[in-house]
Amino acid sequence: DLQHKVFVFPQETPDSYVLVRAKPERPLQNFTVCLWSYTDLTRPHSLFSYATEAQDNDILLFKPNPSEYRFYVGGKFVTFRVPESVASGEHVCVTWESATGIVGFWLNGEPWPRKGLQRGYAVAAEAAIVLGQDQDTFGGGFDAHQSFVGEMSSVYMWDEGITTAAVRGAMSHSLYKAPIFGWRNFPHSVVGEVFLKP
């Protein structure tokens, strides 16, 4: 249970990350990912990377600059423009459903206009899930210039879409449904220089 803790990624590195030791039991037709991050980076960086043998960007939450989030499913992406904020914490949730391809995006509990991506696709269950690096190969292929530097916490993943009310619940760890993994039960291992701090 990491409820009152954060991962600190103290410096740019090609080999420091958090490996999530949980994965879905079956391919994903729908999913939600939520996390909180705090950084003063202005360069591109990866927050959440879910790679499979067939596709290194099967799910990727990536921030190319302070005013943009890119969300990938199956190697294709949509962009969400956000107010530029440097050195202020941001809580982000993204949902995707295969039947329509619709992507939902929330920043600090507020929904953005929905977009579409990869209708009919399924995300494979056999995955390497990494925080703080962008996988260019399954479980590796990291680039220091895309590494995350800052603090991250409140990471959750569900195998279904969630509502705005549930997104706001996730911000305070009050969950409507058990996730695949979440901050109250977060099986993980740290590789390199990442520290768990109060």
Side-chain angles (χ1 to χ4, degrees), residues 1-3 5-7 9 15-37 45-63 69-78 91-99 101-106 117-143 146-148 152-162 166-167 169-170 173 175-192 194 196:
D1 187 343
L2 305 183
Q3 186 177 1
K5 296 194 164 77
V6 299
F7 286 122
F9 298 76
D15 51 13
S16 297
Y17 58 95
V18 176
L19 182 66
V20 182
R21 298 240 173 240
K23 50 182 181 263
E25 293 174 359
R26 61 190 68 86
L28 292 167
Q29 303 283 347
N30 308 280
F31 66 83
T32 301
V33 173
C34 296
L35 60 82
W36 177 87
S37 67
H45 57 277
S46 174
L47 294 162
F48 181 97
S49 171
Y50 180 113
T52 59
E53 294 280 10
Q55 176 51 255
D56 56 353
N57 293 337
D58 232 352
I59 303 171
L60 176 66
L61 184 58
F62 191 81
K63 206 167 180 198
Y69 280 91
R70 272 188 202 164
F71 176 60
Y72 290 73
V73 175
K76 295 189 165 68
F77 70 89
V78 288
H91 184 269
V92 173
C93 284
V94 282
T95 69
W96 173 81
E97 61 181 31
S98 176
I102 286 176
V103 174
F105 178 89
W106 290 260
L117 185 66
Q118 293 285 54
R119 183 179 177 188
Y121 186 76
V123 174
E126 197 58 44
I129 306 175
V130 166
L131 308 180
Q133 295 280 0
D134 177 15
Q135 301 176 77
D136 287 335
T137 58
F138 184 72
F142 304 136
D143 177 353
Q146 295 182 332
S147 66
F148 177 71
M152 193 183 302
S153 70
S154 307
V155 183
Y156 289 94
M157 185 176 194
W158 288 270
D159 58 1
E160 61 180 51
I162 66 175
V167 166
H173 305 287
L175 307 181
Y176 81 110
K177 182 174 187 262
I180 299 168
F181 55 82
W183 212 236
R184 302 301 303 271
N185 178 19
F186 197 73
H188 70 278
S189 53
V190 168
V191 180
V194 183
L196 196 56

* Asked: Looking at residues at least two apart in the chain, or sitting in another chain, which of them share a side-chain hydrogen bond (donor to acceptor under 3.5 Å, both in side chains) with Ser98?
  -> Gln29
* When the ring planes of Phe181 and Phe186 are compared, do they come out parallel, tilted or perpendicular, using 30° and 60° as the limits? -> perpendicular
* Can you sort out the partners of Gln135 under side-chain hydrogen bond (donor to acceptor under 3.5 Å, both in side chains), two or more places apart, ordered by chain and number? => Ser49
* Asked: salt bridge (charged side-chain N to carboxylate O under 4.0 Å, His left out): which pairs involve residues 122-136, sequence neighbours left out?
  -> Lys23-Glu126
* Excluding sequence neighbours, so at least two apart, what forms ring-ring contact (aromatic ring centres under 6.0 Å, His included) with Phe48? -> none
* Straight-line distance of Asn185 CG to Gln3 CD, nearest 0.5 Å -> 12.5 Å
* Asked: For Glu160, which residues count as a side-chain hydrogen bond (donor to acceptor under 3.5 Å, both in side chains) partner, sequence neighbours excluded?
  -> Tyr176, Lys177
* Tell me, please, which residues at least two apart from Asp15 pass side chain to side chain contact (heavy atoms under 4.5 Å, CB included). => Thr13
* Hey, can you tell me if His188 and Phe7 have their rings parallel, tilted or perpendicular (30° and 60° cut-offs)? => perpendicular
* Minimum heavy-atom distance between Trp183 and Leu2, given as atom pair plus value -> NE1-O, 2.6 Å
* Which residues pass the salt bridge (charged side-chain N to carboxylate O under 4.0 Å, His left out) test with Arg21, sequence neighbours left out? -> none
* Between atom OH of Tyr17 and atom OG of Ser189, what is the distance when rounded to the nearest 0.5 Å? -> 7.5 Å
* Asked: Partners of Arg119 by side chain to side chain contact (heavy atoms under 4.5 Å, CB included), sequence neighbours excluded?
  -> none
* Mind checking what makes ring-ring contact (aromatic ring centres under 6.0 Å, His included) contact with Tyr69, not counting sequence neighbours? -> Phe105
* State which residues pass side chain to side chain contact (heavy atoms under 4.5 Å, CB included) with Leu175; sequence neighbours excluded, sorted by chain then number. => Tyr156, Trp158, Ala170, Pro179
* Structure fact -> Nearest heavy-atom contact between Leu60 and Ser46 is CD1-OG, 3.4 Å
* **Set of residues satisfying side chain to side chain contact (heavy atoms under 4.5 Å, CB included) with respect to Gln55, sequence neighbours excluded** => Thr52, Asn57, Asp58, Tyr121
* Asked: Who passes ring-ring contact (aromatic ring centres under 6.0 Å, His included) against Tyr50, sequence neighbours left out?
  -> none
